[in-house]
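The structure under discussion appears below in the form of structure tokens.
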Number of protein chains: 2
Amino acid sequence: MAPKSSAPQSHPTLADVAAIAGVSVKTASRVLNESMNVSEMTAKKVQQAATLLGYRSNRLARELRTGTLSNLIGMIVSDLANPFYAGLASGAEEELSKNGLDLLLATSRDDGERERLLIDSLLERRVRGLMIVPSAEDYSYLHTERKRGVAIVFVDRPGPYLDADSIVSDNQGGIATCIDRLLAQRCKNIALIADNAKIWTASQRIEGFKKARLTRKLDPSQSPIVGEIHTIDLAEKAARELLLQKNPVDGIVASNDLIAIGVAHAVASLGSQCKVVSFDDFATSKLMNVPTLDHDPRRLGSLAAESLMRRIKNPNEKNFGEVLMKLDFREEPIKVVTSNA
Amino acid sequence: MAPKSSAPQSHPTLADVAAIAGVSVKTASRVLNESMNVSEMTAKKVQQAATLLGYRSNRLARELRTGTLSNLIGMIVSDLANPFYAGLASGAEEELSKNGLDLLLATSRDDGERERLLIDSLLERRVRGLMIVPSAEDYSYLHTERKRGVAIVFVDRPGPYLDADSIVSDNQGGIATCIDRLLAQRCKNIALIADNAKIWTASQRIEGFKKARLTRKLDPSQSPIVGEIHTIDLAEKAARELLLQKNPVDGIVASNDLIAIGVAHAVASLGSQCKVVSFDDFATSKLMNVPTLDHDPRRLGSLAAESLMRRIKNPNEKNFGEVLMKLDFREEPIKVVTSNA
DNA sequence: TTGTACGCGTTATCAG
DNA sequence: CTGATAACGCGTACAA
């Protein structure tokens with residue numbers, strides 16, 4: 001006689017509860033949900049049976065029955081270990097949680113194919129909405145799903161070939177703001193150091209620099225763009241060259257915070273008076289004492305979640321298309337607090 | 001005659017596909033799943049009908065029918081915006097994804113009650129496993145769920161009153177390693193600056209310091225412990241006091257990276273020769289040029305996921321109890337690379 | 001106040 | 001090879 005408890009038992013059903021309580025399934029259901037039109041005594045019996053068994057309603061069955069869409073939101077980011085995307089997820093989670101929506105999170109690793117698989121899996125789970133940091137070239141295959149009522153919003157960059165909302169930072173305007181800040185500090189020769197132009201945000205920032213350079217009447221030869229910079233070391237090297245050339249620059253816009261660190265190191269080690277501003281906004285930049293745009297990923301994430309929810313509540317509303325999140329410098333110092341970790 | 005397409009249609013079912021293909025539901029099912037024992041022609045018809053309708057199998061229904069446990073893993077962390085927990089989630093997600101498990105992520109905000117609600121919600125979804133960074137005082141209520149086959153593992157700190165695995169860093173041993181490193185550099189008076197002892201990891205580190213101080217025969221009056229330090233500023237202030245007192249310390253162990261930043265600032269501004277080592281391992285500490293223990297949250301997360309999966313595959317295996325992740329100094333410099341953000 | 005019959009979308013059984 | 005029919009766990013409609 002093997003002990004029954006050794007094998008993993010499955011979850012008790014409403015029928016089990018009803019059996020123990022000596023009532024019908026429906027009565028048990030009534031007690032556990034509506035709790036109306038039920039005599040005190042039977043209610044008590046059912047409650048006791050439920051707690052005795054540790055009964056927990058099966059959400060799959062419920063949702064299947066009612067035809068309700070699940071309150072699951074699928075989110076896909078490139079890489080959770082990256083503080084930017086983690087912040088995105090954090091902001092989204094907080095906002096969704098307020099509305100009773102749960103977050104199913106996956107990482108695409110910037111791989112379009114993997115992303116497609118993940119999205120398929122999420123759709124099979126009948127998620128109510130999708131928040132995507134796009135890594136693929138074509139999202140037209142989501143058109144039908146959208147018409148079926150699955151809310152879709154792209155975050156941080158737009159999703160090609162799908163008429164859905166996208167919440168992105170105002171990369172171009174942000175760069176212009178950076179330039180203006182340097183101009184206000186009487187800089188004359190302002191350079192941009194940027195990442196690989198294949199990265200959408202980087203290309204936007206380069207584009208923004210070019211446009212602002214034109215409208216601010218800066219001489220391109222005196223205000224160069226250095227691209228393909230994707231490590232701190234490369235950034236430092238690039239900055240040194242700009243600072244040591246015959247006609248050195250006196251202002252540098254760093255297209256992201258890692259670049260800012262390299263640039264700050266170069267400026268400091270050369271004892272240069274060159275001004276530096278940066279685009280991203282991680283703690284690291286702050287620690288280097290470089291003014292940075294308030295590019296708060298949590299805000300981007302919660303904005304995206306908000307827009308997703310508006311669409312869920314009002315599926316027929318027209319798309320907003322590309323929503324730009326304006327960026328400006330934050331002047332107050334950050335306050336960092338330790339945590340449980 | 002309102003256009004039918006204006007209202008959000010619901011998802012097509014297998015019956016819809018079967019109807020269009022002119023076959024029975026089961027045949028359609030066979031084609032889409034097993035794809036065996038079906039004539040080429042009918043298979044083709046079904047395939048076409050399916051793609052025409054954009055059919056996507058409903059996982060809720062499937063899991064309900066087969067009684068399969070979902071391949072959902074619920075994870076609860078304190079705060080996703082904190083790089084440590086984000087790293088935890090990242091490591092877990094990567095490992096789970098390898099095994100075809102999806103991650104349902106939620107944040108407790110270090111609130112035990114909220115955590116309880118989240119866990120209930122996850123269990124209603126019939127998650128297959130739970131990864132919890134505990135914020136509550138008592139997890140005995142999960143005992144039944146565990147017996148039902150829900151795998152449970154605690155991460156970063158142990159979960160009280162439940163006989164489940166927990167994957168935690170070797171906080172005490174890590175502190176001893178820090179001290180030894182300073183001793184090797186001929187430090188005599190070594191202080192610990194730590195966070196609030198109510199935080200489990202902080203208390204462990206304080207405890208570890210006390211023990212190591214004893215075994216290394218350090219005089220407690222010369223090797224003090226400063227607690228309740230939870231901001232950079234407080235850490236800097238505390239360090240200044242230790243460095244300016246009559247008998248100043250010549251070695252400081254920072255109990256986490258934020259404290260390390262404050263301490264490093266103090267040491268630098270005073271031009272002191274005091275050595276500093278730190279516990280945590282965020283990029284910030286690296287940038288301050290303070291040796292830190294390799295306290296990699298992603299590793300912790302993937303270890304936890306691995307242990308969860310072992311338990312899923314072998315539910316009857318005995319618990320490992322508290323699994324300590326050893327920590328040591330990492331000597332190679334970090335390489336930081338920019339990203340899409 | 002309570003119970004019965006049915007349906008959600010899927011798969012399994014067992015017959016044709 | 002194919003198709004009715006039952007069943008998963010739950011909620012709704014209607015009847016008792």
Side-chain angles (χ1 to χ4, degrees), chain A residues 9-47 49-50 53-72 121 123-128 148-149, chain B residues 9-47 49-50 53-72 121 123-128 148-149:
Chain A
Q9 303 125 9
S10 63
H11 296 255
T13 75
L14 204 49
D16 298 332
V17 176
I20 291 197
V23 298
S24 82
V25 185
K26 177 52 192 167
T27 305
S29 167
R30 264 194 277 260
V31 174
L32 268 34
N33 297 321
E34 324 149 30
S35 212
M36 279 169 58
N37 289 354
V38 167
S39 79
E40 286 273 334
M41 227 189 58
T42 41
K44 209 162 208 169
K45 278 195 295 182
V46 172
Q47 300 276 18
L53 260 54
Y55 170 76
R56 217 179 286 275
S57 141
N58 185 334
R59 202 147 172 176
L60 284 71
R62 189 210 315 259
E63 284 173 356
L64 181 59
R65 170 65 187 93
T66 58
T68 324
L69 286 146
S70 75
N71 55 170
L72 244 39
S121 164
L123 288 172
E124 281 194 4
R125 276 235 172 61
R126 296 295 185 264
V127 292
R128 186 135 185 190
R148 280 176 194 150
Chain B
Q9 302 125 10
S10 63
H11 297 254
T13 76
L14 204 49
D16 298 332
V17 176
I20 291 195
V23 298
S24 82
V25 186
K26 178 55 188 163
T27 305
S29 168
R30 265 194 276 260
V31 174
L32 268 33
N33 297 319
E34 322 150 31
S35 213
M36 279 169 59
N37 289 354
V38 166
S39 80
E40 286 273 333
M41 227 189 59
T42 42
K44 208 162 207 170
K45 278 195 296 183
V46 172
Q47 301 275 19
L53 260 53
Y55 170 76
R56 215 179 286 273
S57 139
N58 184 335
R59 200 145 175 179
L60 283 74
R62 189 209 316 262
E63 283 173 357
L64 179 59
R65 174 65 187 97
T66 59
T68 324
L69 286 146
S70 76
N71 56 169
L72 244 38
S121 164
L123 288 172
E124 281 194 5
R125 277 234 170 62
R126 296 294 184 263
V127 292
R128 186 136 185 188
R148 279 175 196 152

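Only a predicted model underlies this, so the values are computations on that prediction, with no experimental measurement involved. Throughout, protein chains are lettered first and strands after them, A, B, ... in sequence-line order, and every chain is numbered starting at 1.
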Problem - Members of residues 13-27 of chain B that approach DNA chain D, where some heavy atom sits under 4.0 Å away - result: B/V23, B/S24, B/K26, B/T27

Practice task
Give the rounded distance in Å between these two atoms: CZ of B/R56 and C1' of C/dT10.
Solution key: 17 Å

Fill in the blank from the handout: When rounded to whole Å, the CG to C1' distance for the pair A/L64 and C/dG7 reads 9 Å

Practice task
Mind checking the CG-CZ spacing from A/N58 to A/R65? Nearest 0.5 Å is all I need.
Solution key: 14.5 Å

Practice task
Quick one: list whatever passes salt bridge (charged side-chain N to carboxylate O under 4.0 Å, His left out) with A/K26, sequence neighbours left out.
Solution key: A/E34

Fill in the blank from the handout: So OG of B/S24 and CG of B/L14: to nearest 0.5 Å the spacing works out to 9.0 Å

Handout entry: Nucleotides bounding contact with chain B, strand DNA chain D, heavy-atom threshold 4.0 Å
Key = D/dC1 to D/dG9

Handout entry: B/L60 side, atom CG; B/R126 side, atom CZ - distance, nearest 0.5 Å
Key = 12.5 Å

Fill in the blank from the handout: In whole angstroms, the gap separating C1' of C/dC8 from CG of A/N58 amounts to 13 Å

Practice task
Starting at CZ of A/R30, measure out to OG1 of A/T42 and round the result to the nearest 0.5 Å.
Solution key: 9.5 Å

Handout entry: Qualifying residue for side-chain contact (heavy atoms from CB on, under 4.5 Å) with B/Y55, from B/L32, B/V46, B/D16
Key = B/L32

Practice task
To the nearest Å, give me how far apart CZ (A/R126) and P (C/dG9) are.
Solution key: 9 Å

Completion exercise
When rounded to the nearest 0.5 Å, the distance separating OG of A/S57 from NE2 of A/H11 is 12.0 Å

Practice task
Would you indicate, yes or no, if C/dT2 has its OP1 or OP2 atom less than 4.0 angstrom from a side-chain nitrogen or oxygen of A/T42?
Solution key: yes

Practice task
Can you tell me the distance, in whole Å, between the CG atom of B/L60 and the P atom of C/dT10?
Solution key: 10 Å

Exercise for the section: Kindly indicate whether the side chain of A/N33, heavy atoms from C-beta on, has any atom under 4.5 Å from the side chain of A/R62. Expected result: yes

Practice task
Using heavy atoms to find the nearest nucleotide of DNA chain D for B/R65 and B/A28 separately, return the residue whose nucleotide is more 5′.
Solution key: B/A28

Handout entry: Whole-Å distance separating the NZ atom of A/K44 from the P atom of C/dT1
Key = 17 Å

Handout entry: C/dT11 phosphate, OP1 or OP2, under 4.0 Å from B/N33 side-chain N/O
Key = yes

Practice task
Kindly indicate whether the side chain of B/R62 and the base of C/dT10 share any N or O donor-acceptor pair separated by less than 3.5 Å?
Solution key: no

Exercise for the section: Looking only at side-chain atoms of A/R30, point me to the closest of C/dT10, C/dT2, C/dT11. Expected result: C/dT2

Problem - Atom pair OG (B/S70) and CZ (B/R59), whose distance is rounded to the nearest 0.5 Å - result: 8.0 Å

